[in-house]
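In what follows, every chain begins at residue 1, and chains take the letters A, B, ... in the order their sequences are listed.
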Amino acid sequence: MTTRLRPSSSSNNPPDPSVYVRNKRVKKNVEISAGDAEELKPQQPIKPSGLPDIEDLANKKASKLPKLRKSKSTSGTHVPDAGVSPFIRTAKPPANWEKVLEGIRQMRSSENAPVEVEFMGAGEAGSSLPPKEKRFAVLVSGLLSSLSKDYVVHGAVQRLLESDLLTADSIAKADEETIKSKIYPVAFYKRKASFMKRIANICLSKYDGDIPSTLEDVLKLPGVGPKMAYLVMTLAWNNVQGICVDTHVHRISNRLGWVSCGGTNQKTNTPEETREALERWLPKEEWVPINPLLVGFGQTICTPLRPQCGKCSISDLCPSAFKEVSTPKSAPKKSAPKKSKKRENLAFK
DNA sequence: CTCCAGTACG
DNA sequence: CGTACCGGAG
């Protein structure tokens, strides 16, 4: 069954109407002096003795986030007017984007899409929990899910749930080895177990055992990058702060020419750039569904290595169709003989 | 042996 | 920017 999240469909958590302020690069600009960094961190809660130096961790993380692209002062058009207009287009949408989306939806519903689960991992795990624990569960399953198979994540979350290890409190108290054994074999489980402990401690000391409620603060959590932060804001707080862009969304957006529109012929080289570019024209109703949609599409048809353009119903609308590109990064150089492509890459090293 | 639905660290 | 982290599946 297709669980397509709608931004405002869920009724339990009232979506914050004022949310829609496009976050511009605040803080992370690096290079700024220590004084500036201070002012980004409003309140300074008392730190219980005995806990790791959380502030330090947070600072470290924050200071290294997005490297900053260009100054991009939002070109003036955008005003952070809370609640007035939910979406202000600052770039012209690419031609036929609606047809393209519709086409992809069709393909996704006919081909069986393995990805349905995706958001589910998080959502389902917490469905029977109280809101606060549910949010924490969403955060944890998001963390576990990166570069892991969905069913593996699902199993791990179930084991954590059975062991009562899905709250900040219990995780903070639990032995790290125990956590490892529960979440195995998710990718990077050792590291993630460590992240979970640190996150739990931060949540306890700064957020009363809850998860941070702002994008900025979620991003400060160790092991949580942009991709997951937007996911968590959406699923845990029902607060759509931005588009959740992973490598599939990144790659496909580039193939479709969706991020080189609107006068400027910019290309995006990172998922973060793609997110910003997409947000400039994609209507907000699509911000959430775009991810599951493109991820499914990206796994079955528009694959990174050898896209199945022959099976793709919108290839006539795709500038990259049948071009045999490998990845957005490696130059689309005229592809080599297909079968030996892999070997060739190897030899190239 | 390669490829992942990322993120931290040098 | 490059690289390590981890395991399982093609």
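- In terms of phosphate contacts, A:Tyr184 brings no side-chain nitrogen or oxygen within less than 4.0 Å of OP1 or OP2 of C:dC6.
- Within the 4.0 angstrom heavy-atom criterion, no nucleotide atom of any strand lies near A:Lys192.
- Of the candidates C:dG7, B:dA5, C:dA4, the closest approach to any side-chain atom of A:Asp150 belongs to B:dA5.
- You'll find that the side chain of A:Leu147 is closest to B:dG6, out of B:dG6, B:dA5, B:dT7.
- Where stacking is scored as ring centres under 5.5 Å apart with planes under 30°, A:Phe188 does not register as stacked on the base of C:dA4.
- At a cut-off of 3.5 Å, with distance as the only test, no side-chain donor of A:Glu162 or A:Gln158 sits close to an acceptor on the other residue.
- For the C1' atoms, the distance from B:dA5 to C:dC1 is 23 Å, rounded to whole Å.
- Considering only side-chain atoms of A:Met228, the nucleotide from C:dG7, B:dC4, B:dT7 that sits closest is B:dT7.
- Considering A:Val295, A:Leu293, A:Thr300, A:Ile301 in turn, A:Leu293 is the only one that fulfils the side chain to side chain contact (heavy atoms under 4.5 Å, CB included) rule with A:Arg108.
- At whole-Å resolution of the value, CD in A:Glu272 and C1' in B:dA5 are 16 Å apart.
- Considering only side-chain N and O atoms, A:Thr247 lies under 4.0 angstrom from the phosphate OP1 or OP2 of B:dG6.
- Between A:Arg255 and A:Cys302, the closest heavy-atom pair is NH1-SG, 3.1 Å.
- Nucleotides B:dG10 and C:dC6 have their P atoms positioned 15 Å apart, rounded to a whole Å.
- Of the side-chain N and O atoms in A:Tyr230, none sit less than 4.0 angstrom from OP1 or OP2 of B:dG6.
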